[in-house]
A.B. asks: 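First, the structure itself, so that you have it in front of you.
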Amino acid sequence: MAIQALKGFKDILPGESEKWVFMEETARRIFRTFGFSEIRTPVLEKTDLFVRSIGTSTDIVEKEMYTLIDRSGDSITLRPEATASVMRAFIEHNLQGQQPIHKLFSIGPMFRHERPQKGRLRQFHQINAEYIGTNSPFADAELIYLLMQILDHLGLLEIRLRLNSLGCPLCRPSFNSALQGFLGERQSELCPDCQRRMSTNPLRVFDCKVERCQELLTAAPTITDFVCRACQEHFEQVQKLISGLSIPIHRDPRLVRGLDYYTRTTFEISASHLGSQDAVAGGGRYDGLIRQLGGADMPAIGFAIGLERMALLLSSQEEWINRPFVFLIPLGAAAREKAFSLLTILYKKEIPAMMDYEDKSLKSQLKRADKVKSRFAAILGTEELNKDRILIRNLDTQSQEAIPIPQFLDYFLERYLK
RNA sequence: GUGAGUGUAGCUCAGUCGGUUAGAGCACCAGGUUGUGGCCCUGGGGGUCGAGGGUUCGAGUCCCUUCACUCACCCCA
């Protein structure tokens, strides 16, 4: 048996990779418009970084991290998410001292050891944004607008913005205890999972899919009733600003995020046709994280887009192939040499071109040109060679004309650039 | 970690009650047309039937084991 890739690790093949380039380049362009700069951090970090930022009792830290001991005995971990690494770099290089506000984005692979399923892999890819240094609700609105712009430019339809506020370290504890009290009274009626969640992370019971649990929860206290005055005002401002941008909001008091560091605004973009893992992007505010990691007391908000899920929502592979503009078809050895030099001239001017070197019939080479969906075929046989001409065939219209070889480059430059 | 489903050609899949040399469509190659693609026609190449063991005169088919993949749960992008 030949060696296969690891479970949950996928190759992105030609036909699919073009789609990925499109997603990444589109995002980079929009980020530039919004004044975001790219940051690239290593995929390996000290294990402690993730334990301290994501939270000890989260599933990610408890059972999903790729953690190993390196040759010097240190515990290191493949990053399960991006924000922790970016914040580490931010603090380590003292970016906080250089400017009050930072807009950063990053694109790359993350690793979580879970059972793979649709839209979930062990190595997956995210586009991440971090807006650091302001707790203004305008920043929340701008960041969400940025996210929607990216999704819009990628051509995403049928998406839904779910929005919630988780409160802050001042008000969340009172909600937590109220919720725990509520659940405690009904403990015996809850499913086993929820009984466990009750003590570990009570907010998660809202995610439960067991019908009976959901029935009980209709009467449960919601975070909305408990957020403090400041959080309340912040949240209202955010909603007002987003509504002002004509983005429909689905307020969801039950929207919970899986990482401990989130505060106040949290949001998720869900899409139909994704199967059970329907969140294509998610994010929120994490005002306490930088300080918690040993940096200054700076607020921040960010989001992550899941690229595998994004790719699932983009149209099928057929449209994403890398088409040449000109397919060169030489007939015979002498023509091949001439065609080769013409090919390199096209390459030099960055006109996508292709040519095969096998001694195949005209028919067979035209088939190839058709197969790779070339716009033009340039046929060079002995007849043309003798007259110093080349036959240009438009593969869409079937029309063809013989042009002098010296005009070859100009002919395609003119047509390619428009 | 738990549950279910699926493994036959490069891809998608048929294969009856266990019975001869394992099939189709697509893709690939060649020809039909001495130098003209897509459509059509003809022919061709390509298989450890996931792997190992068992039952049987005989296994793609039945039994056991194992591996892989997929979907779902948990949780998340």
Side-chain angles (χ1 to χ4, degrees), chain A residues 1-8 10 13 15 54 57-64 79-83 107-128 147 191-194 196-197 200-201 203-204 207-210 255-259 267-271 274-284 302-313 317 327 329-332 335 358 360-385 391-400 402:
Chain A
M1 191 67 160
I3 295 175
Q4 292 181 302
L6 292 171
K7 185 197 287 293
K10 281 277 162 51
L13 302 173
I54 297 168
S57 69
T58 58
D59 277 25
I60 294 177
V61 170
E62 269 182 4
K63 54 187 193 191
E64 295 173 1
R79 64 180 181 197
E81 60 109 31
T83 301
I107 302 177
M110 310 295 155
F111 306 84
R112 293 182 200 172
H113 192 104
E114 301 177 87
R115 277 288 269 274
Q117 66 187 78
K118 188 182 174 75
R120 168 191 287 163
L121 295 173
R122 290 185 172 179
Q123 176 178 333
F124 61 103
H125 298 77
Q126 289 185 339
I127 296 177
N128 273 269
L147 173 58
C191 72
D193 275 330
C194 281
R196 179 178 54 77
R197 290 184 185 109
T200 55
N201 198 337
L203 281 177
R204 296 272 179 70
D207 273 347
C208 185
K209 286 171 182 121
V210 176
L255 174 65
V256 168
R257 318 248 64 236
L259 289 70
F267 53 94
E268 208 168 278
I269 306 288
S270 46
L274 265 188
S276 147
Q277 312 302 322
D278 68 344
V280 70
F303 67 70
I305 302 174
L307 285 178
E308 277 76 8
R309 292 178 189 181
M310 188 70 224
L312 244 31
L313 295 172
Q317 297 192 8
F327 195 98
I329 301 181
L331 300 168
E358 281 64 41
K360 296 270 187 79
S361 69
L362 172 60
K363 174 178 179 155
S364 151
Q365 296 194 68
L366 268 170
K367 271 191 168 175
R368 271 272 294 156
D370 184 56
K371 189 78 189 174
V372 299
K373 295 200 159 49
S374 183
R375 287 284 303 285
F376 292 94
I379 301 164
L380 192 62
T382 41
E383 199 181 304
E384 287 80 12
L385 216 48
L391 187 61
I392 310 298
R393 181 176 176 84
N394 184 319
L395 291 171
D396 297 329
T397 65
Q398 304 193 47
S399 63
Q400 56 186 32

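This structure is a prediction, so every number in the text was calculated from the model and none was measured. Chain identifiers are assigned alphabetically (A, B, ...) following the order of the sequence lines, protein sequences preceding nucleic acid strands; residue numbering begins at 1 within each chain.
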A.B. asks: Quick check: do A:Ile329 and A:Leu366 have side-chain heavy atoms less than 4.5 Å from each other?
C.D. replies: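 They are in side-chain contact.
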
A.B. asks: Is the phosphate of B:C73 approached by A:Gln277 (side-chain N or O, under 4.0 Å from OP1 or OP2)?
C.D. replies: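 Checking B:C73 against A:Gln277, a side-chain N or O does come within under 4.0 Å of OP1 or OP2.
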
A.B. asks: Looking only at atom C1', what distance separates B:G45 and B:C26, rounded to whole Å?
C.D. replies: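 Straight-line distance between the two C1' atoms is 16 Å.
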
A.B. asks: May I ask you to check whether A:Gln365 and A:Arg368 show a side-chain donor-acceptor distance below 3.5 Å?
C.D. replies: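 Absent: no donor and acceptor within the cut-off.
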
A.B. asks: Considering heavy-atom distances to RNA chain B, does A:Gly283 or A:Ser364 have its closest nucleotide positioned more toward the 5' end?
C.D. replies: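 Its nearest nucleotide being more 5', the pick is A:Ser364.
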
A.B. asks: Could you check how far CD of A:Glu308 sits from C1' of B:U70, rounded to whole Å?
C.D. replies: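 Going from CD in A:Glu308 over to C1' in B:U70 covers 17 Å.
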
A.B. asks: If the C1' atom of B:U70 is compared with that of B:U12, how far apart are they to the nearest Å?
C.D. replies: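 Per the computed distance, 16 Å lies between those C1' atoms.
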
A.B. asks: Provide the distance between the two P atoms, one in B:U21 and one in B:C49, to the nearest whole Å.
C.D. replies: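 That atom pair is separated by 14 Å.
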
A.B. asks: Check RNA chain B against residues 117-125 of chain A and give the residues with a non-hydrogen atom under 4.0 Å, in numerical order.
C.D. replies: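 Residues of residues 117-125 of chain A that come under 4.0 Å of RNA chain B are, in numerical order, A:Gln117, A:Lys118, A:Gly119, A:Arg120, A:Leu121, A:Phe124.
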
A.B. asks: Pick out the pairs of N or O atoms, protein on one side and nucleotides 35-39 of chain B on the other, that lie under 3.5 Å.
C.D. replies:
unit_1: B:G35; atom_1: O6; unit_2: A:Glu383; atom_2: N; d: 3.1
unit_1: B:G35; atom_1: O6; unit_2: A:Glu384; atom_2: OE1; d: 3.4
unit_1: B:G35; atom_1: N1; unit_2: A:Glu384; atom_2: OE1; d: 2.8
unit_1: B:G35; atom_1: N1; unit_2: A:Glu384; atom_2: OE2; d: 3.0
unit_1: B:G35; atom_1: N2; unit_2: A:Glu384; atom_2: OE2; d: 2.8
unit_1: B:U36; atom_1: O2; unit_2: A:Arg393; atom_2: NE; d: 3.3
unit_1: B:U36; atom_1: O2; unit_2: A:Arg393; atom_2: NH1; d: 3.1
unit_1: B:U36; atom_1: O2; unit_2: A:Gln400; atom_2: OE1; d: 3.4
unit_1: B:U36; atom_1: N3; unit_2: A:Gln400; atom_2: OE1; d: 3.1
unit_1: B:U36; atom_1: N3; unit_2: A:Gln400; atom_2: NE2; d: 3.0
unit_1: B:U36; atom_1: O4; unit_2: A:Gln400; atom_2: NE2; d: 3.1
unit_1: B:G37; atom_1: O2'; unit_2: A:Asp370; atom_2: OD2; d: 3.3
unit_1: B:G37; atom_1: N7; unit_2: A:Arg393; atom_2: NH2; d: 2.8
unit_1: B:G37; atom_1: O6; unit_2: A:Arg393; atom_2: NH2; d: 3.0
unit_1: B:G37; atom_1: N1; unit_2: A:Leu395; atom_2: O; d: 2.3
unit_1: B:G37; atom_1: N2; unit_2: A:Asp370; atom_2: OD1; d: 3.0
unit_1: B:G37; atom_1: N2; unit_2: A:Leu395; atom_2: O; d: 2.7
unit_1: B:G37; atom_1: N3; unit_2: A:Asp370; atom_2: OD1; d: 3.3
unit_1: B:G38; atom_1: O4'; unit_2: A:Asp370; atom_2: OD2; d: 3.0
unit_1: B:G38; atom_1: O6; unit_2: A:Gln398; atom_2: OE1; d: 3.1
unit_1: B:G38; atom_1: O6; unit_2: A:Gln398; atom_2: NE2; d: 2.8

A.B. asks: Could you report the tightest heavy-atom contact between A:Gln400 and A:Leu391, atom names first, then the distance?
C.D. replies: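 Where A:Gln400 meets A:Leu391 most closely, the heavy atoms are NE2-CD2, 3.8 Å.
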
A.B. asks: Distance check, P atoms only: B:A24 and B:G47, in whole angstrom units.
C.D. replies: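 Approximately 15 Å lies between the P atom of B:A24 and that of B:G47.
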
A.B. asks: How long is the line joining CZ of A:Arg309 and P of B:C71, in whole Å?
C.D. replies: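 Checked: the CZ to P distance equals 12 Å.
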
A.B. asks: How long is the line joining CZ of A:Arg115 and P of B:U2, in whole Å?
C.D. replies: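 Whole-Å distance recorded here is 7 Å.
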
A.B. asks: Between which residue ranges does RNA chain B form stems of three or more consecutive Watson-Crick or G-U wobble pairs, both distances under 3.5 Å?
C.D. replies: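 So the stems come out as B:1-7 with B:67-73, B:10-13 with B:23-26, B:28-32 with B:40-44, B:50-54 with B:62-66.
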
A.B. asks: Can you name the nearest heavy-atom pair linking A:Pro80 to A:Ile54, along with the distance?
C.D. replies: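 Scanning both residues completely, I find the closest heavy atoms to be CG-CD1, 3.7 Å.
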
A.B. asks: Whole angstroms only, please: what is the NZ-C1' distance between A:Lys10 and B:A68?
C.D. replies: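 Interatomic distance, NZ of A:Lys10 to C1' of B:A68: 12 Å.
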
A.B. asks: Taking all non-hydrogen atoms of both residues, which atom of A:Arg79 and which atom of A:Pro109 are closest, and how far apart?
C.D. replies: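 Nearest heavy atoms, A:Arg79 then A:Pro109: NE-O, 2.8 Å.
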
A.B. asks: Could you walk me through whether A:Arg122 and A:Glu114 pass the salt bridge (charged side-chain N to carboxylate O under 4.0 Å, His left out) check?
C.D. replies: CA-CA 6 Å; A:Arg122 290 185 172 179; A:Glu114 301 177 87; over 6 Å; no

A.B. asks: Across the strands shown, which category fits A:Ala281 at heavy-atom distances under 4.0 angstrom: base, sugar-phosphate, nothing?
C.D. replies: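 It contacts sugar-phosphate atoms only.
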
A.B. asks: If I take atom CZ in residue A:Phe267 and atom P in nucleotide B:A77, what distance separates them, rounded to the nearest angstrom?
C.D. replies: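 These atoms are roughly 11 Å apart.
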
A.B. asks: When the C1' atoms of B:U65 and B:A27 are compared, how many Å lie between them, rounded to an integer?
C.D. replies: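 The same atom, C1', in both gives a distance of 36 Å.
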
A.B. asks: Quantified in whole Å, what is the P atom distance between nucleotide B:U2 and nucleotide B:A9?
C.D. replies: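 These two P atoms come out 30 Å apart once rounded.
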
A.B. asks: Apply side chain to side chain contact (heavy atoms under 4.5 Å, CB included) to residues A:Phe267 and A:Leu147 and explain how you reach the verdict.
C.D. replies: CA-CA 11 Å; A:Phe267 53 94; A:Leu147 173 58; 3.7 Å; yes

A.B. asks: Give me the atom names and distance for the closest heavy-atom approach of A:Leu331 to A:Lys360.
C.D. replies: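 Closest heavy-atom pair between A:Leu331 and A:Lys360: CD2-O, 4.3 Å.
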
A.B. asks: Can you check whether A:Lys63 has a side-chain N or O nearer than 4.0 Å to OP1 or OP2 of B:G1?
C.D. replies: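 No.
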
A.B. asks: At less than 3.5 Å, do the side-chain atoms of A:Glu114 and the base atoms of B:A77 form a donor-acceptor pair?
C.D. replies: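 Under the 3.5 Å cut-off, the side chain and the base do form a donor-acceptor pair.
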
A.B. asks: I'd like the P distance from B:A59 over to B:G18, given in whole Å.
C.D. replies: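 Straight-line distance between the two P atoms is 14 Å.
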
A.B. asks: Using the C1' atom on both, measure B:C40 against B:A77 and round to a whole Å.
C.D. replies: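 Here B:C40 and B:A77 have their C1' atoms 48 Å from each other.
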
A.B. asks: Could you grab the distance from atom CD of A:Glu384 to atom CD1 of A:Ile392, nearest 0.5 Å is fine?
C.D. replies: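 Here the rounded value is 9.5 Å.
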
A.B. asks: Start at the 5' end of RNA chain B and walk down; is the nucleotide closest to A:Gly282 or to A:His113 reached first?
C.D. replies: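 Upstream on the strand: A:His113.
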
